Amino acid sequence: MNFNTALLHEGVDKKEKYGSTLTPIYQTSAFFQQSAEDLAGIFGNKLPGYCYTRVANPTIGVFETRITKLEGGIGSVATASGMAAIFNALTNILQSGDEIVSSSSLYGGTIDLFRDLEAFGIKTNYVCNNNFEQIENAITDKTKLVFAETIGNPCLDVTDVDRLAEIAHKHGVPLIIDNTVATAYLIKVLDHGADIVINSTSKYINGSSNAIGGILTDRGKFKWTAERYPVLADYLKLGPYAYLAKLRAGLYRNAGACMAPQTAYLNQIGLETLGLRMERQCTNALLLARHLEEKYPSVIVNYPGLESSKWHDVGERILKGGYGAIVTIRVGTKEKAFKLLDSLQLVYRLSNIGDTKTLVLHPASTISLHSTQQQKEDAGVFDDLIRISVGIEDIEDLKEDFDKAFAELD
Ligand SMILES: *Cc1c(COP(=O)(O)O)cnc(C)c1O
């Protein structure tokens, strides 16, 4: 099946009890069983079925299956947010004394989380994305995973996922990729060697900004060993399912950051139009980036789809169907950035990406507020930088809104 058809049909429950084309919202905390023995069996993971929504729920389960099919993995775990997905994905295999090697071009919230993990004895060594020599040198015996975003938010650098996976595997560690900005529409990172893919569903998958959520998907190919991953020792007998089984029976269940059934329902609706929206949004982003680059020579326009981008070549090689729907611009000073933001009429000033509507934000004073100056620069955040998450509007209206706002700057 091709991409858009698969979004509509793969993983869908076609035997739904009453014939609903969308799995209904099982808005219930717990599920009763016909016998105490059944309940004991389900609770103890010996029988299939549902006992408590924090562990599993039919609506969430169907959403997980649909994402598993989309990403080409063996299973998924849906969480309360993208941050919860990252937290679950990492701490499922980490313990005190371990290290992470990560691209420094990250979403600000992830940098904050990595700092929080230091209190538990987990250290992150940041490396320059795509600097493979530096990355190899940063991997030590204590390293348990390599982490990167396919398209860094908001740096917009494009990770050479194949090369990074090769290096991680050479050193016996998995590659975990946050694919929120690129989405499976542009690249299925599991096909490029990544071991676990994370999506904040709050963004493009949901698409209309009506529910916070996250999901991680395991490719099931990484060879875990008890020596390097002692926390997985009891689960290695499950072969490719070791990682997911430990997560669902342990940390996911115990940390309690499950996705809400209603969110899973809304995400199923969003998922069906992911391809259509991404196609339109990537086209709009390219047209807007070209327009701004041509019309305002003093403005630095950063978009991997532009030939002027440092990341155009790697983007062209690994992304299919576009270069993402985020554009950043540098307008000279923070004052000008604020003035421009305040002069825009059509687009929304808010901290989010991936909506059908165009959104703008000043990263330095918002999503990267808690980063150090160096961390900001490494993540491509400058005082005069504006991030534009391009929506599905008619491009002429977007161009006009920006042109009017630029006219206010003079
Ligand atoms: C938004 C975002 C997250 C966090 O997702 P939430 O759903 O807001 O918790 C993580 N990574 C990237 C790249 C994001 O854009």
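For ligands, and for the atoms within them, numbers begin at 1 and follow the listed sequence. Just the heavy atoms: all of them, side chains too, but no hydrogens, waters or symmetry mates, feed the values below. If you're wondering where the values come from, they're calculated on a predicted model, not measured in any experiment.
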shortest atom 7 (O) of ligand 1-to-protein heavy-atom contact is with Ser202 OG, 2.6 Å
* Are the charged groups of Asp394 and Arg280 less than 4.0 angstrom apart, N to O? -> yes
To atom 13 (C) of ligand 1, the nearest of Asp178, Asn199, Ile326 on a heavy-atom basis is Asp178
> Does Gly354 come within less than 4.0 angstrom of ligand 1, counting non-hydrogen atoms of the residue?
Replying inline: no
protein heavy-atom neighbour closest to atom 5 (O) of ligand 1 works out as Ser200 OG, 3.0 Å
Here the atoms of ligand 1 under 4.0 Å from any heavy atom belonging to Gly213 are 7 (O)
NZ/NE/NH1/NH2 to OD/OE distance under 4.0 Å, Asp112 and Arg115:
yes
Quick look: Ile353 vs ligand 1, heavy-atom contacts under 4.0 Å, and the answer is side chain
Here the gap from Asp141 atom CG to Glu227 atom CD, rounded to the nearest 0.5 Å, amounts to 12.5 Å
### Query
Is Lys404 positioned over the aromatic face of Phe406, cation under 6.0 angstrom from the ring centre and no more than 45 degrees off axis?
no
In this structure, CZ of Phe222 is separated from CD1 of Ile176 (nearest 0.5 Å) by 9.5 Å
min-distance protein heavy atom vs atom 15 (O) of ligand 1 -> Lys203 NZ, 2.8 Å
Using 4.0 Å as the upper bound for N to carboxylate O, is an ion pair formed by Arg66 and Glu272?
yes
Closest to atom 4 (C) of ligand 1 by heavy-atom distance, out of Tyr204, Tyr107, Phe87, is Tyr107
Residue, atom and distance of the protein heavy atom nearest atom 6 (P) of ligand 1 read Gly82 N, 3.3 Å
Residue set satisfying ring-ring contact (aromatic ring centres under 6.0 Å, His included) with Tyr126, at least two apart, ordered chain then number -> none
